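Values below: all heavy atoms of this structure, side chains included; hydrogens, waters and symmetry mates excluded. Everything numeric in this text was worked out from a predicted model, so none of it was measured. Order of appearance sets the numbers: ligands from 1, and atoms from 1 within every ligand.
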Amino acid sequence: MAAKPWKREEMGETIVRSCAWSPPGCHPVGCGVQLHVKDGKLVDVEGDPEHPINRGALCPRCLAIKDVVYHKDRIYRPQIRDRADRGKNKWREISLDEAMDLLEEKTRYFRDTYGPESIVVFCGTGREATMYHNELTFMSFGSPNACYAQSGWSCYAPRVSSVAYLMGGGYPEIDYAARYADRYDHEGWSAPNYILLWGKEPLKSNADGFWGHSVVDMMKDCDTKLIVADPRLTWIASKADVHLQLRPGTDAALALSLLNVIINEDLYDHDAVEKWTYGFEALQERVQEYPPEKVEKITWVPAEQIYDAARKYAAHPEGKHSAIGWGLAVDQNPNGIQVGHALLSLIAITDNMDVPGGNTLGLPTKNDTNVDMISRAMEADTVSKQLFDKRIGAKEFPFVCDLMSTNHPDSVLDTLESFEPYRLRMGVFQSSNVVGGAISAAQTRWLEAMKNSFEFACATEIFHNPTTMAVCDLVIPLKTWVEHDTLVVSHYSFNIAFYGMCNKAIDVVEGYSDLEFMIEVGKRLFPEYWNEVNTPAKYFEKYLLPPGETFETLQQKHTIQPEEIYRKCEKGLMRFDGGLGYMSQTGRIELWSHAYSNYGDDPLPYFVEPPRSPISTPELFKEYPLVLTTGGRSYTSFHSEHRQIDRLRQQVKWPLLELHPDTAKSLGIEDGDWAWIENPFGRVKQKASLTYSLDPRVVHAHHGWWYPEDDPEEPSLYGFRKSNINVIMPHKAIGKLGFGDTFKCEICKVYKVTDDNDLDNHLPAPPVLAQV
Ligand SMILES: Nc1nc2c(c(=O)[nH]1)N[C@H]1C(S)=C(S)[C@@H](COP(=O)(O)OP(=O)(O)OC[C@H]3O[C@@H](n4cnc5c(=O)[nH]c(N)nc54)[C@H](O)[C@@H]3O)O[C@H]1N2
Ligand SMILES: Nc1nc2c(c(=O)[nH]1)N[C@H]1C(S)=C(S)[C@@H](COP(=O)(O)OP(=O)(O)OC[C@H]3O[C@@H](n4cnc5c(=O)[nH]c(N)nc54)[C@H](O)[C@@H]3O)O[C@H]1N2
Ligand SMILES: [Mo]
């Protein structure tokens with residue numbers, strides 16, 4: 001059967017095939033959808049059965065896209081407000097031209113008066129803006145200060161940096177047959193024997209472009225089995241042969257212990273070790289410090305399970321391989337770099353790297369290296385080397401800032417407070433709700449500091465939120481993914497499963513997509529460059545699409561899956577110079593790292609206790625006797641988003657604090673009670689959700705909560721202080737070389753919210769918001 005065209009007419013409707021992305025937020029998973037349009041309005045959305053990856057399946061957020069597009073609270077036209085009215089809901093609508101004129105005038109003023117470094121551009125995760133954030137900050141605003149405000153740059157970057165420094169780029173992803181049109185039926189592909197999910201919940205997260213449901217497909221259709229390292233017995237963990245229910249934050253010890261078993265029991269692949277790794281003997285010596293019996297005491301994982309998991313992961317029955325899906329819990333850990341190091345070492349020494357059913361690697365491409373972005377900006381003369389060196393925190397944290405080409409998030413907060421080494425005077429929020437959203441720790445500090453520091457601030461947004469209300473002077477409407485054309489590639493091009501076309505189906509707002517916005521800013525400030533690359537299509541054709549492909553060709557093909565090539569290191573494909581091996585100093589995967597050694601740190605992986613824990617701070621633990629992990633994903637929200645979408649909110653009405661029934665009982669808390677979560681940094685309240693899936697000593701809190709139905713104005717700012725867990729997450733809880741935080745490994749105490757201990761006890765009733 002011939003594939004359906006990208007656009008067709010059927011029964012009075014136009015049906016547009018597309019690959020979903022953002023906004024509203026999602027990672028570049030690019031799920032295939034069919035958008036039904038009638039009389040210029042979106043009337044329905046369904047999965048696209050012809051899409052090679054999701055094959056017709058969709059999550060509830062895509063299914064609710066209509067409710068986002070036409071929501072009564074959406075920002076439909078640009079809005080401004082007087083600076084004196086910050087914190088007040090006093091917006092006036094203006095035209096898009098007026099808005100861009102104002103933005104241009106302000107940018108020129110700060111650039112010419114204080115230097116372009118006085119402008120900081122914030123981004124969050126995974127959306128169109130964030131994929132090109134650094135580069136477009138340099139090339140459109142001409143500022144060196146691109147900021148991803150999560151303490152310790154603790155998402156994805158620790159993992160990516162482990163790869164970059166130990167083997168030279170790419171992102172090792174589970175081999176889910178993503179590059180084959182016939183997927184699991186493909187001749188020559190073999191399914192993973194085991195998938196080891198490490199701090200990752202792929203069904204809910206579909207992180208970074210990985211289609212999470214493929215894990216279930218492979219379990220059902222290909223006999224793939226699971227090992228799961230997670231403090232919670234999630235649905236997917238309940239299907240595992242081994243569930244390593246570790247104490248949050250002890251991952252490095254656990255991973256080193258798996259290495260201990262594999263090395264001491266001689267379960268590793270001698271050939272792979274000899275040919276493609278460096279420093280095995282040193283690693284062998286290091287892992288002797290982590291025998292399972294000792295690690296059981298640290299991690300609370302029974303030693304037998306550590307042996308069992310190690311043996312299962314390292315085995316190759318009938319020549320099959322196993323894969324590791326490493327998730328966010330690797331990063332949100334002061335040991336983030338070491339956990340990544342240990343997991344890569346596991347993959348390397350068991351010969352599970354770049355093999356069928358193991359972990360795949362993308363081809364290294366020059367275009368997606370940060371170094372290349374900088375040189376592009378320098379070539380285009382939008383930033384100079386001297387300007388680039390002024391990035392906040394670049395001297396203090398060269399390891400982070402060299403690799404990410406951004407500033408350091410923790411230093412940015414310090415700078416906003418101290419005006420040292422210089423004052424940040426203008427803020428641009430492009431896909432990050434820094435106050436009262438998800439990304440920032442110590443949120444009330446960010447709030448006060450930004451109010452003080454910014455003389456002008458603007459956001460591109462779909463809805464108002466605590467950040468726009470608190471600090472912005474201008475907001476520019478964003479087109480959702482059904483309103484603009486763009487290109488979706490998984491893993492931000494680090495490991496591309498497919499190139500997908502996100503097609504515009506309708507027009508709704510007077511605004512831009514992220515790329516259109518940045519191109520418009522660029523055209524005004526750096527016309528020499530942007531008058532040539534003046535549309536998203538030209539931008540993608542120049543930098544990202546495979547040679548010869550254009551928006552039109554991609555539109556016709558809908559998706560393009562690049563060829564899968566295994567064992568690239570043996571074919572000279574992992575190095576720019578065409579040599580064998582990898583792009584590290586030794587040409588091998590460095591178990592003993594020259595890069596870490598050069599930066600003055602331990603070249604081998606190691607474990608240190610989180611800064612606050614039963615073991616590192618036993619006295620404090622008496623007062624705060626529960627281990628707190630946060631932010632496990634939910635199907636119905638993307639970070640701080642979707643709280644105003646009725647049909648999603650009805651499924652998860654309130655922020656939930658998950659705790660074991662025995663723990664709840666000892667605290668006099670019942671299911672559905674509001675409970676305080678308190679730690680040395682303050683307290684917030686969430687609704688108790690009793691579950692046997694946690695160890696009684698561990699609790700889990702939702703992240704990113706604010707209440708669109710609450711008072712938008714100061715001091716409420718949509719009530720974010722009541723429940724947002726990041727109000728009480730510490731600033732600068734970072735780990736090795738400036739990476740990592742403690743979002744998944746803090747401590748706290750929990751007690752019931754009562755009329756006596758809460759002046760603001762009565763949260764509003766569950767919202768009944770406007771439906772389309
Ligand atoms: N629906 C939805 N999808 C999302 C997002 C969203 O907000 N909503 N966010 C996106 C983003 S930015 C990211 S980074 C990804 C993250 O997605 P994932 O990588 O899947 O990470 P999480 O869902 O945060 O956590 C995964 C698991 O880690 C466990 N965990 C908690 N603490 C620890 C620990 O100390 N060690 C270990 N080993 N495990 C621990 C949690 O219990 C949870 O089940 O999801 C992306 N996808
Ligand atoms: N406690 C705790 N905190 C966490 C986490 C955790 O696990 N625990 N996870 C962390 C992680 S991994 C991450 S990556 C951060 C994420 O943090 P962020 O990505 O900053 O997420 P939000 O706070 O939701 O802010 C995103 C804003 O962008 C807007 N938006 C949505 N789509 C688009 C788009 O396409 N373009 C633009 N311009 N704007 C858009 C939304 O309306 C929203 O206001 O949160 C972190 N916060
Ligand atoms: Mo993230």
Checklist entry - Quick one: does ligand 1 sit under 4.0 Å from the side chain of Thr125, the backbone, both or neither, non-hydrogen atoms only? => result side chain

Next on the checklist: Students should be able to answer this: which protein heavy-atom is nearest to atom 1 (N) of ligand 2, and at what distance?
Outcome noted: Asn726 OD1, 2.7 Å

Checklist entry - Counting both backbone and side chain atoms, is some N or O of Ser432 under 3.5 Å from an N or O of ligand 2? => result yes

Next on the checklist: Heavy atoms only: which of His702, Glu201, Lys204, His639 lies closest to atom 7 (O) of ligand 1?
Outcome noted: His639

Checklist entry - Counting only heavy atoms, which portion of Leu478 has something under 4.0 Å from ligand 2: side chain, backbone, both, or neither? => result side chain

Checklist entry - Is the closest N or O pair between Arg127 and ligand 2 shorter than 3.5 Å? => result yes

Checklist outcome for this item: Of all protein heavy atoms, the one nearest atom 8 (N) of ligand 2 is Thr630 OG1, 3.0 Å

Checklist entry - Is there at least one pair of N or O atoms, one from His703 and one from ligand 1, spaced under 3.5 Å apart? => result no

Checklist entry - Can you tell me which residue and heavy atom of the protein come closest to atom 32 (N) of ligand 2, and the distance to 0.1 Å? => result Pro23 CB, 3.0 Å

Checklist entry - For ligand 1, which part of Leu246 has a heavy atom less than 4.0 Å away: the side chain, the backbone, both, or neither? => result side chain

Next on the checklist: Taking a cutoff of less than 4.0 Å between a non-hydrogen atom of the residue and any ligand atom, is Phe743 in contact with ligand 2?
Outcome noted: yes

Item to check | Proximity of Asp331 to ligand 2 by residue part, where a heavy atom lies under 4.0 Å | outcome: neither

Next on the checklist: Going by the closest heavy atom to atom 38 (N) of ligand 2, which one wins out of Thr468, Asp514, Ile462?
Outcome noted: Asp514

Item to check | Nearest neighbour of atom 14 (S) of ligand 2 from the list Tyr156, Tyr148, Trp481, on a heavy-atom basis | outcome: Tyr148

Checklist entry - Applying a 4.0 Å heavy-atom criterion (strictly less than), which segment of Cys155 is in contact with ligand 2: side chain, backbone, both, or neither? => result side chain

Checklist entry - Which bit of Gln332 gets closer than 4.0 Å to ligand 1, counting heavy atoms only: side chain, backbone, both or neither? => result neither

Checklist outcome for this item: Quick look: Ala329 vs ligand 1, heavy-atom contacts under 4.0 Å, and the answer is side chain

Item to check | Per atom 25 (O) of ligand 2, closest listed option by heavy atom (Val727, Asn433, Val68) | outcome: Asn433

